[in-house]
Amino acid sequence: MDKFRFFQKAKKNSYWKKVFDKDWLDYRWQIKNRVTEPKILQKILYLTDKETKTIQRSLKILRMAITPYYLSQIDINDKFCPIKLQAVPTISETNISKSDFSDPLHEEEDCPVKGLEGVLTHRYPDRLIIYVTYQCAMYCRHCTRRRHAGETDLPTPWLKILKAAEYVKKTKTVRDILISGGDPLTLPTDYLEKIIKLFREIKHVEIIRIGTRVPVTCPMRITDDLCQMLKKYHPLWINTHFNHPKEITDLSAKACNLLADAGIPLGNQSVLLRRVNNHPLVMKNLVKLLVANRVRPYYIYQCDLSQGIEHFRTRVSEGIEIIEYLRGHTSGFAVPVFCIDGIGGGGKIPLMPNYVLSQGHSKWVLRNYEGLICNYTEPSNYTYEPPANIEKYIDPNDQKNIIGVSELLSDSNTINIVPKNLVRHQRRKK
Ligand SMILES: *Cc1c(COP(=O)(O)O)cnc(C)c1O
């Protein structure tokens, strides 16, 4: 494989030096030999007794499991190795800040079916999430769904998945099914296939996507068998979760390329993490490596307000600064959207640098990434003309369901959106 496609060759920690490649490259071996005991981790990473004890204490909050592969990428001489920070628990996780929430995004509240809390989140009009397992190959220390992650190694019971599919069947507006967890690719291939097939058979479901960190934490799980299965259910998309260039090894790059060869468009969702990737040039290196492996950087998330991860949180401005360093400076499709997932179920809210400097009656003043300032002149004597015969080209349901700020822009009679219990309105004489 071309050298520019990965940051480094995957390493094997000397603790496993006697393991045969045949086993090392078998995901079943990797999962079976995950490091879950602080005492064993101590031996591998040469931790002090004190460090080991604090790890033990933080495990009450979110369990630890690290694949030998991912653990081997840790630089044991680097106290703040970005792989280590994501995999090894610290005492900071026991610190619950005043601004933290167990479920900051209201993923349980936004469940439309009684009894499916934690299985189904329906927030947006045309897409929803199904959580098919709470098991992961590796438990990320910055996990936003830590209230559930690792709760059980059992997949979501089939009856609940059937119930979720019933909801999708009767909700005709849902065209995009996001299969998440936990990590769906920790499921046995046949159970995963049964789930994908169930949703694929629903007529109005156009696309299915899977959210998985397995290409990063256990890339050997991406086998030919798995790809053969997945490619039967196109259009199928996968979003993965690389946070740092060091995670792009020859093996994780190969996993991405196998999925891309199966015709699966790949996206990447990073989380902005203090000490890990909160630097524009580290992110630039990451997105370049991703696109070299046919992975499109999709989102960079501001770290959520989940309990016990405040030590990972950064200033919001750091995310904007990263976009400033990317847009224009590198390929447009290497630039992700930076967003904050709104507290209480607000959904993803994009943030970016300001490129508009001023607006006049017919001109805009804009600045580019170099600092060049230019204007754009709008057409003179302009009247708006829509495309001809648009009825032929639009979905009539789309016309009925215009909400939010777009409703204020539309031809509807709505003239404003008013906050509940507005004091000014309460003052009005009845
Ligand atoms: C992120 C998310 C989606 C998918 O959003 P996209 O912007 O389409 O990727 C869907 N549902 C929920 C609840 C989400 O958090």
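In each ligand, atom 1 is the first atom listed, and ligand 1 is the first ligand listed. Predicted, not measured: the structure shown is a model, and the values here were computed from it.
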Polar contacts were defined as any N/O atom of the residue lying under 3.5 Å from an N/O atom of the ligand; does this apply to Glu107 and ligand 1? no
Does a side chain donor of either His241 or Asn243 reach within less than 3.5 Å of an acceptor in the other side chain? yes
Are any of the N or O atoms of Thr121 closer than 3.5 Å to those of ligand 1? no
Which bit of Leu178 is near ligand 1, meaning a heavy atom under 4.0 Å away: side chain, backbone, both or neither? side chain
Heavy-atom check, side chain of Leu120 versus side chain of Leu128, under 4.5 Å: yes
Does Lys348 approach ligand 1 within less than 4.0 angstrom via side chain, backbone, both or neither, non-hydrogen atoms only? side chain
Can His122 be said to touch ligand 1, with heavy atoms closer than 4.0 Å? no
So, Ser306 versus Arg313: side-chain donor-acceptor pair below 3.5 Å or not? no
Parallel, tilted or perpendicular: which one describes the rings of Trp29 and Trp24, with boundaries at 30° and 60°? tilted
Among all protein non-hydrogen atoms, which one is nearest to atom 9 (O) of ligand 1, and what is the separation to 0.1 Å? Tyr298 OH, 2.6 Å
Indicate, as side chain, backbone, both or neither, the part of Gln269 found under 4.0 angstrom from ligand 1 when only non-hydrogen atoms are considered. neither
Look at Glu166 together with Lys163 and state whether they make a salt bridge at an N to O cut-off of under 4.0 Å. no
Does a donor on one side chain sit under 3.5 Å from an acceptor on the other, for Thr133 and Tyr191? no
Tell me the protein heavy atom at minimum distance from atom 7 (O) of ligand 1, and give that distance in Å. Tyr299 OH, 2.5 Å
Ring centres under 6.0 Å, that's the criterion: do Tyr131 and His148 meet it? no
Indicate yes or no: does an N/O atom of Tyr124 lie under 3.5 Å from an N/O atom of ligand 1? no
Closer than 4.0 angstrom: is that true for some heavy atom of Ile129 and an atom of ligand 1? yes
